[in-house]
Protein chains: 4
Amino acid sequence: MSGGAPARLSRAERREITRQRLLDAAAEVFTDHGFDGAAIDDVAARAGYTRGAFYSNFADKTDLLVQLCERRIEAFAADELPDVLARTPDERLGWVADWLAEQVPPLEILLAIELARRRDHDPEVAATLDRVVTTLLGAIDDLMAVEGSTLAELPDVERRDRALAVLAGVTGASLLRHLGVDTGPRTLALLLDGVIGPHEGPAA
Amino acid sequence: MSGGAPARLSRAERREITRQRLLDAAAEVFTDHGFDGAAIDDVAARAGYTRGAFYSNFADKTDLLVQLCERRIEAFAADELPDVLARTPDERLGWVADWLAEQVPPLEILLAIELARRRDHDPEVAATLDRVVTTLLGAIDDLMAVEGSTLAELPDVERRDRALAVLAGVTGASLLRHLGVDTGPRTLALLLDGVIGPHEGPAA
Amino acid sequence: MSGGAPARLSRAERREITRQRLLDAAAEVFTDHGFDGAAIDDVAARAGYTRGAFYSNFADKTDLLVQLCERRIEAFAADELPDVLARTPDERLGWVADWLAEQVPPLEILLAIELARRRDHDPEVAATLDRVVTTLLGAIDDLMAVEGSTLAELPDVERRDRALAVLAGVTGASLLRHLGVDTGPRTLALLLDGVIGPHEGPAA
Amino acid sequence: MSGGAPARLSRAERREITRQRLLDAAAEVFTDHGFDGAAIDDVAARAGYTRGAFYSNFADKTDLLVQLCERRIEAFAADELPDVLARTPDERLGWVADWLAEQVPPLEILLAIELARRRDHDPEVAATLDRVVTTLLGAIDDLMAVEGSTLAELPDVERRDRALAVLAGVTGASLLRHLGVDTGPRTLALLLDGVIGPHEGPAA
DNA sequence: TATGAATGAGAGTTCATTCAT
DNA sequence: TATGAATGAACTCTCATTCAT
């Protein structure tokens with residue numbers, strides 16, 4: 001009856017689909033209304049479910065925030081990062097600038113701010129925030145640790161300082177765009193050239 | 001009637017005091033709970049009033065947000081800025097870094113994010129957000145337009161790019177601190193040296 | 001304009017009226033649906049208000065339960081008790097039986113059961129339950145401490161035992177009526193005669 | 001197939017085990033949280049199942065209440081009652097007092113109250129409540145109808161009045177214990193001596 | 001028979017806001 | 001100007017129940 005297609009999904013698979021849809025919907029609703037402003041009914045409805053589906057997949061609203069952050073940071077590390085690493089150092093700045101321009105509003109930043117507000121009241125939240133930052137810093141470090149680059153030869157402490165600066169620069173530029181300020185690739189270039197630029201090739 | 005003594009306050013003065021107290025209380029409550037999470041009763045109570053006082057002084061909750069942003073940006077321009085301008089270019093970076101370290105959480109940034117979320121639905125909010133950004137950019141421009149500096153001689157477009165970069169850098173560093181990342185003066189230095197650093201003295 | 005009548009009510013008076021109406025409504029709704037089954041909206045509506053009025057008068061649903069118990073026990077001590085005390089010992093048993101017959105369902109008992117369920121989680125609830133029982137036992141003791149009665153001359157411990165027995169008897173009879181059992185004055189007479197009966201007239 | 005070994009259980013037996021476990025779990029959860037406060041998931045979980053098992057065995061929550069009452073009253077008649085009847089009349093009061101002391105909270109009473117609340121809306125519930133009361137009254141009547149006792153010779157109407165009084169006394173004492181009142185055997189003795197005491201043997 | 005994802009009515013509670021005082 | 005009782009919309013979360021598996 002049901003043709004040669006991959007047929008029916010198992011329960012676990014359906015559950016996973018539901019979760020992912022809810023998470024995607026949450027990303028949209030958070031983007032539009034912020035965390036506090038997001039109604040769970042809206043999240044569920046946008047995912048095509050009712051509120052009950054939400055509560056059978058997430059413990060509560062905070063859990064949703066945490067899960068969303070975890071998933072997005074994982075997805076970032078799995079999907080975006082390899083893309084950048086595949087570029088030559090020269091192309092990376094441009095790639096990051098383009099990527100940034102697409103991320104308006106910068107959901108990760110807004111989510112991180114919400115995490116920060118709840119950090120002191122919920123250890124799990126604190127752990128997630130920590131993981132987000134650590135992952136990002138690690139990703140930047142990977143970007144700098146390129147063979148032949150003088151950055152790769154810097155002492156760890158120095159490399160971390162630079163990673164911090166890069167993260168701050170990218171974060172700030174992203175946020176500014178979100179605030180409606182016309183930030184272009186030039187902004188990022190100005191900011192990051194001093195941090196990673198001159199090192200992007202010993203020849204230079 | 002109103003003798004030479006410090007004596008009684010006029011009606012307008014009392015009103016102004018009430019407003020200011022409410023605004024100060026709002027800054028605290030917003031800092032703790034965010035805009036959506038802030039209850040007007042809490043704001044009023046922290047200021048020593050009840051909600052009636054609030055509604056005698058502000059049209060609604062959004063009005064409070066707008067007024068608070070306006071006041072803070074005015075206060076920044078009037079109080080903080082002159083302090084920086086009084087420093088030599090060499091000292092400024094340190095001054096900004098210190099100032100930043102005190103601003104955790106960076107209320108202005110959080111408020112701006114709230115403004116941004118309401119920008120499309122409320123023209124007054126949009127205007128305020130614009131004013132905030134313009135003022136900050138103007139302030140940075142003032143900082144760069146120092147006599148003798150090569151920055152001062154840059155074309156306007158270039159100067160704006162640099163101001164943007166500075167604002168992004170400062171914003172990003174501030175936000176990172178808020179997220180619990182251990183950002184020190186070094187981060188800012190790395191970020192801004194490329195933008196304003198080398199120019200901080202024609203001799204260099 | 002507003003004639004010689006006692007005119008307008010002060011705010012505190014209006015508030016008190018509101019509270020009393022809500023409490024009365026709560027007694028009715030609890031009677032019909034039990035505590036858990038009672039919806040605050042129903043309570044408010046039956047009192048002629050909306051849910052907001054409820055929450056500006058009571059902290060939460062448990063608070064309502066506590067306040068209701070307190071008020072009813074006070075009212076009992078102030079209103080019912082003097083009535084019984086005014087009777088001769090011979091008439092009292094009949095009076096209590098009649099009073100009991102009217103108390104279907106026996107709201108005080110049902111409320112006390114709810115209090116008991118929450119006793120361990122809320123000290124205030126425990127205190128209220130304690131007060132209810134103490135007041136009732138005290139009332140019974142007063143009833144027994146009649147001049148000339150041999151009960152009055154019993155040692156305290158013995159008097160307490162008897163008070164306990166009376167309370168148990170009245171409680172049980174009341175509950176049985178609530179359960180639909182046709183309990184008449186005879187039941188109470190049989191039960192209490194052994195406890196207080198022989199004393200209902202030394203001549204007898 | 002089902003050999004001589006203790007071996008496999010038939011389908012009906014398994015079903016019966018499941019039902020009994022659920023019923024036992026329900027008794028516990030009702031005791032802790034009351035009927036309205038009891039969650040079916042909790043009942044199922046405490047029995048080691050999920051909600052599906054519950055709905056395979058009971059029509060709905062009310063059905064659970066009814067079945068539980070039926071079972072308990074049957075169990076009482078089958079298990080407890082013979083124990084009392086085996087005692088001499090003199091020992092019975094003590095036996096009942098001890099049994100009472102163990103029944104805190106007095107689940108039967110609490111269940112009966114729930115039944116009473118639903119009596120008017122559900123004929124089956126009304127029937128169950130009736131059966132519970134009738135069974136208890138019959139049990140008490142059996143206790144009184146002992147050979148040689150003067151109670152046994154009383155006219156039926158009188159015997160019923162006494163049974164009612166006994167039930168009321170026991171119920172009241174039980175409830176008082178549940179409310180935290182320190183009710184001892186003495187309370188019951190005082191209450192019941194007048195009803196059944198002097199008759200417990202003409203010799204005495 | 002038992003599971004568990006999903007439903008959806010309904011609950012308690014919060015809170016921006018109004019308005020008579 | 002400031003108070004605070006009252007409103008009522010909106011929200012998070014619970015839970016009895018259904019149904020495909």
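In what follows, chains carry the letters A, B, and so on, assigned in the order in which the sequence lines appear, proteins first and then strands, with residues in each chain numbered from 1. Everything numeric in this text was worked out from a predicted model, so none of it was measured.
Listed by first and then second residue, the salt bridge (Lys or Arg N to Asp or Glu O under 4.0 Å) pairs that reach into residues 57-68 of chain B come to none, sequence neighbours excluded. Sorted by first and then second residue, the pairs that involve residues 37-57 of chain C and meet ring pair (Phe, Tyr, Trp, His ring centres under 6.0 Å), not counting sequence neighbours, are C/F54-C/F58.
Taking atom CG of residue B/L64 and atom P of nucleotide E/dC15, one finds them 15 Å apart after rounding to whole Å. The distance from atom CG of C/N57 to atom P of E/dT13 is 15 Å, rounded to the nearest whole Å. One interatomic measurement links the two molecules: CZ of A/F58 to C1' of F/dT12, which rounds to 16 Å at whole-angstrom precision. Distance C/Y49 OH to F/dA5 P: 12 Å, rounded to the nearest Å. The CZ atom of A/R118 sits 13 Å away from the C1' atom of F/dT12 (whole-angstrom rounding). Between C/L65 atom CG and E/dG12 atom P there is a gap of 13 Å when expressed in whole angstrom units.
Residues satisfying the salt bridge (Lys or Arg N to Asp or Glu O under 4.0 Å) criterion with A/R71, sequence neighbours excluded, are A/E16. Every residue meeting the side-chain contact (heavy atoms from CB on, under 4.5 Å) condition with C/D36, not counting sequence neighbours, appears here in chain and number order: C/R118, D/D36. When the side-chain contact (heavy atoms from CB on, under 4.5 Å) test is applied to D/R131, the partners found at least two apart in sequence or on another chain are D/E70, D/A127, D/T128, D/T135. Scored by the side-chain contact (heavy atoms from CB on, under 4.5 Å) test, B/L107 finds B/A27, B/F30, B/T31, B/R72, B/L111 as partners (sequence neighbours excluded). With sequence neighbours excluded, no residue forms a salt bridge (Lys or Arg N to Asp or Glu O under 4.0 Å) with B/E124. Partners of C/A25 by side-chain contact (heavy atoms from CB on, under 4.5 Å), not counting sequence neighbours, listed by chain and number: C/V43, C/R46, C/A47. Here B/E74 pairs with nothing under the salt bridge (Lys or Arg N to Asp or Glu O under 4.0 Å) rule; sequence neighbours left out.
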Read 5' to 3' with Watson-Crick or G-U pairs under 3.5 Å, [ ] for crossing pairs and | for partners on another strand, DNA chain F gives .||||||||||||||||||||
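Here A/T50 reaches the OP1 or OP2 of E/dT7: one of its side-chain N or O atoms lies under 4.0 Å away.
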Filtered N/O pairs between nucleotides 16-20 of chain F and protein, under 3.5 Å:
from, atom 1, to, atom 2, distance (Å)
F/dA16, OP1, D/A38, O, 3.1
F/dA16, OP1, D/K61, NZ, 3.2
F/dA16, OP2, D/I40, N, 2.8
F/dT17, OP2, D/Y55, OH, 3.2
F/dT17, OP2, D/K61, N, 3.1
F/dT17, O4, D/R51, NH1, 3.2

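Within a heavy-atom distance below 4.0 Å of DNA chain E, the residues of residues 13-21 of chain D found are D/R15, D/T18.
The closest donor-acceptor contact from the side chain of D/E13 to the backbone of D/S10 lies under 3.5 Å. Side-chain N or O atoms of A/R19 include one that pairs as donor or acceptor with a backbone N or O of A/N57 at under 3.5 Å.
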